[in-house]
Amino acid sequence: MAKSKFEYVRDFEADDTCLAHCWVVVRLDGRNFHRFAEKHNFTKPNDSRALHLMTKCAQTVMEELEDIVIAYGQSDEYSFVFKRKSNWFKRRASKFMTHVVSQFASSYVFYWRDYFEDQPLRYPPGFDGRVVVYPSNQTLKDYLSWRQADCHINNLYNTVFWALVQQSGLTPIQAQERLQVDEVMTKEVRLPAEMEGKKMVVTRTRTKAVPLHCDIIGDAFWKEHPEILDEDS
Ligand code: DGT
Ligand code: MG
Ligand code: MG
Ligand code: MG
Ligand code: MG
């Protein structure tokens, strides 16, 4: 087919190919979920319906899209890691990001009723997305650790801190001292009892994505799941 004289406009498209052999991470985040949580009567600080819905959406993304090896989520955000050698859509960042975010957002609406039952969805939620590439296993693990540490700091710490102050009558300083034991979070921890002895297969894109609620900062998780960072998976 002959090229039209208009073909040249393609040259205006920017090249957004992700650097070869790097881990590609897409992180999405709910738009103005401060308001969304209020309008939908989310319980504070954690609404288990909302969190489980987020995880259902992440599972859907992992099952519908190619080459995602792990996803990590907290609050109104989720990160998806594409394998280093993925050549999905020729590694175009915009393709990775838009497919992840649109699949997630439509799933959020599609599965809303399964989790919120008698709480109607009052307006369409939105999510932003970004792509970051990480050049080594260590930087990827540090990225995921950063997100889990963020979760820990924002969520667990504040929850327990205010419970100690408001419900147990401790002073803020006493509560802070009590929470010093949080240091153990940086040590290697065991997987939850229900996961022990279980063999998990997560290397194939089309296998079922399984939600785990465990520490990913320590080495135990990564030793238990060497396939995630395996270059040839
Ligand atoms: P953004 O992301 O800049 O558009 O604005 P927000 O409001 O989404 O801010 P962000 O993402 O930094 O913070 C997440 C908000 O979502 C935060 O205000 C608390 C709310 N949120 C997330 N999960 C829960 C939950 O389980 N329960 C309640 N009550 N609120 C939650
Ligand atoms: Mg934000
Ligand atoms: Mg948000
Ligand atoms: Mg957020
Ligand atoms: Mg098309």
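Just follow the structure's listing: the first ligand is 1, and inside any ligand the first atom is 1.
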Which of the numbered atoms in ligand 1 are under 4.0 angstrom from any heavy atom belonging to Arg31?
4 (O)

Go through ligand 1 atom by atom and flag the ones less than 4.0 Å from a non-hydrogen atom of Asn46.
26 (O)

The Mg ion (ligand 3) to nearest N/O/S of Phe33 less than 2.8 Å:
no

Checking Asn137 against Trp222: is there a side-chain donor and acceptor pair closer than 3.5 Å?
no

Heavy atoms only, cut-off 4.0 Å: how does Ala50 contact ligand 1, side chain, backbone, both, or neither?
neither

Hey, does Asp76 come in under 3.5 Å of ligand 1, counting only N/O atoms on both sides?
yes

side-chain hydrogen bond (donor to acceptor under 3.5 Å, both in side chains) against Glu177, all qualifying residues, sequence neighbours excluded:
none

Give the name of the N/O/S atom in Asp76 that lies closest to the Mg ion (ligand 4).
OD1

Among Thr43, Asn154, Asn41, the residue with a heavy atom nearest to atom 27 (N) of ligand 1 is Thr43

Non-hydrogen atoms of Val101 and Phe127 that approach each other most closely:
CG1-O, 3.5 Å

Shortest-distance N, O or S atom of Asp29 relative to the Mg ion (ligand 3):
OD1

Can you see whether Ser48 engages Tyr115 through a side-chain donor-acceptor pair at a distance of less than 3.5 angstrom?
no

Contacting atoms of ligand 1, where contact means under 4.0 angstrom from a heavy atom of Ala37
30 (N)

Of the side chain and backbone of Asp29, name the one, both, or neither that has a heavy atom under 4.0 Å from an atom of ligand 1.
side chain

Taking distance alone, no hydrogens or angles, what donor-acceptor pairs closer than 3.5 Å link side-chain atoms of residues 8-17 to residues at least two apart or in another chain?
from, atom 1, to, atom 2, distance (Å)
Asp15, OD1, Thr17, N, 2.9
Asp15, OD1, Thr17, OG1, 2.5
Asp16, OD2, Ser94, N, 2.8
Asp16, OD2, Ser94, OG, 2.7

Hey, do the aromatic rings of Phe82 and Phe96 have their centres closer than 6.0 Å?
yes

Go through ligand 1 atom by atom and flag the ones less than 4.0 Å from a non-hydrogen atom of Asp47.
25 (C), 26 (O), 27 (N)

Report yes or no: do Phe104 and Leu121 belong to one cluster of Ile/Leu/Val/Met/Phe/Trp/Tyr joined by side chain heavy-atom distances under 4.5 Å?
yes

Salt-bridged, Glu117 to Arg49, with N to O below 4.0 Å?
no

